[in-house]
Amino acid sequence: MTKVIVVNGPNLGRLGVRQPDVYGRQDLDTLRKLCTEWGKDLGLEVEVRQTDDEAEMVHWMHQAADEKTPVVMNPAAFTHYSYALADAAHMVIDENLPLMEVHISNPSARDEFRKRSVISPVATGTITGMGFYGYKLALDAVAHLLSE
């Protein structure tokens, strides 16, 4: 099975309690279980990670590039300003690996500062506003891209 990492940025460890009207009531453990099941159905071995630390997320992109591992990324707040993460994500793309950006909510429909992503121009594709189902769509996209 092909390994895929699903990386989640700051505050996503608080899923289920942080703004449930925006992010829903399901928690990170539920997301982890769903992604693992969806991945298994697609022949993917999925590892779900979460960090509030920008440097750690950058390191995960370096590791993915070095180990030739596709990525599903919810950069959360890093979406809007982390050029370091965008540069690291580009290294994944440079290895001809899929890197799908996913957001639980639709950032374009929210605060003005959320409307700009420094990750989207680097990502293979972006899925927004679909809740946890967006991760399934992203994993489907990874599986599709790997089969081409």
Side-chain angles (χ1 to χ4, degrees), residues 2-16 18-19 22-24 26-28 30-39 41-42 44-148:
T2 300
K3 181 178 177 178
V4 176
I5 59 170
V6 175
V7 298
N8 294 280
N11 298 312
L12 292 174
R14 303 287 298 159
L15 286 171
R18 177 183 176 232
Q19 292 181 277
V22 174
Y23 300 105
Q26 295 177 302
D27 62 12
L28 184 62
T30 301
L31 178 63
R32 199 173 268 119
K33 288 174 192 161
L34 288 169
C35 286
T36 301
E37 290 170 15
W38 291 329
D41 292 344
L42 295 164
L44 304 172
E45 177 191 343
V46 175
E47 179 184 341
V48 179
R49 303 174 184 178
Q50 188 279 324
T51 186
D52 296 326
D53 184 335
E54 184 177 16
E56 185 170 33
M57 204 156 178
V58 166
H59 171 73
W60 290 342
M61 293 305 99
H62 295 171
Q63 183 180 31
D66 292 346
E67 296 176 0
K68 311 294 188 263
T69 305
V71 175
V72 171
M73 177 198 295
N74 184 338
F78 298 147
T79 302
H80 316 293
Y81 68 86
S82 180
Y83 297 108
L85 185 57
D87 288 347
H90 205 290
M91 292 178 208
V92 174
I93 297 299
D94 287 346
E95 293 297 326
N96 295 312
L97 297 164
L99 186 144
M100 294 298 298
E101 177 186 18
V102 64
H103 296 280
I104 295 167
S105 69
N106 180 356
S108 295
R110 297 184 59 207
D111 311 290
E112 191 62 36
F113 77 90
R114 296 182 197 274
K115 295 182 183 191
R116 180 164 188 275
S117 171
V118 299
I119 305 300
S120 292
V122 176
T124 307
T126 301
I127 299 167
T128 68
M130 301 298 294
F132 281 11
Y133 185 67
Y135 289 84
K136 182 181 189 311
L137 296 172
L139 289 167
D140 282 337
V142 168
H144 171 75
L145 291 166
L146 292 173
S147 71
E148 290 187 324

Side chain of [X], backbone of [Y]: donor and acceptor closer than 3.5 Å?
X    : Y   : result
E47  : V4  : no
N8   : R49 : yes
T124 : L99 : yes

Using side-chain contact (heavy atoms from CB on, under 4.5 Å), reason through T51 and W60 one step at a time and then give a plain yes or no. CA-CA 10 Å; T51 186; W60 290 342; 3.6 Å; yes

Starting at [atom1] of [X], measure out to [atom2] of [Y] and round the result to the nearest 0.5 Å.
X   : Y    : atom1 : atom2 : value
L85 : I119 : CG    : CD1   : 4.0 Å
L12 : L31  : CG    : CG    : 8.5 Å
E67 : L97  : CD    : CG    : 11.0 Å
W38 : D140 : CH2   : CG    : 9.5 Å
M57 : M73  : CE    : CE    : 5.0 Å
T69 : E95  : OG1   : CD    : 10.5 Å

Heavy atoms of other groups near K33 NZ, more than 12 under 6.0 Å: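 Not buried by this count: 12 neighbours or fewer within 6.0 Å.
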
Taking the side chain as C-beta and beyond, is there a heavy-atom pair between Y135 and V6 under 4.5 Å?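 Yes, close enough: below the 4.5 Å cut-off.
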
Heavy-atom side-chain proximity of T126 to S117 below 4.5 angstrom: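 Heavy-atom side-chain distance check fails, nothing below 4.5 Å.
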
For the pair V72 and V46, evaluate side-chain contact (heavy atoms from CB on, under 4.5 Å) and give the outcome as yes or no after the intermediate values. CA-CA 10 Å; V72 171; V46 175; over 6 Å; no

Residues forming a side-chain hydrogen bond (donor to acceptor under 3.5 Å, both in side chains) with D87, sequence neighbours excluded: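 side-chain hydrogen bond (donor to acceptor under 3.5 Å, both in side chains) list for D87, sorted by chain: empty.
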
Could you walk me through whether V7 and M61 pass the side-chain contact (heavy atoms from CB on, under 4.5 Å) check? CA-CA 9 Å; V7 298; M61 293 305 99; 3.7 Å; yes

Which atom of [X] lies closest to which atom of [Y], heavy atoms considered:
X    : Y    : value
L44  : A143 : CD1-CB, 4.2 Å
E101 : S120 : OE1-OG, 2.5 Å
P75  : P10  : O-CD, 3.7 Å
V142 : P98  : CG2-CB, 4.2 Å
G9   : D52  : O-OD1, 4.3 Å
V71  : A64  : CG2-CB, 3.6 Å

Determine whether the side chains of Q63 and H59 contain a donor N or O and an acceptor N or O closer than 3.5 Å.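 Side chains of Q63 and H59: no pair found under 3.5 Å.
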
Under 3.5 Å, is there a donor-acceptor pair linking the side chains of D94 and H90?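 Per modelled atom types, D94 and H90 side chains form a pair under 3.5 Å.
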
Give the C-alpha distance, both sets of side-chain angles, the deciding distance and a yes or no for side-chain contact (heavy atoms from CB on, under 4.5 Å) between V118 and Y81. CA-CA 6 Å; V118 299; Y81 68 86; over 6 Å; no

Qualifying residues under side-chain contact (heavy atoms from CB on, under 4.5 Å), relative to P121, sequence neighbours excluded: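 Per chain and number, P121 pairs via side-chain contact (heavy atoms from CB on, under 4.5 Å) with no residue.
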
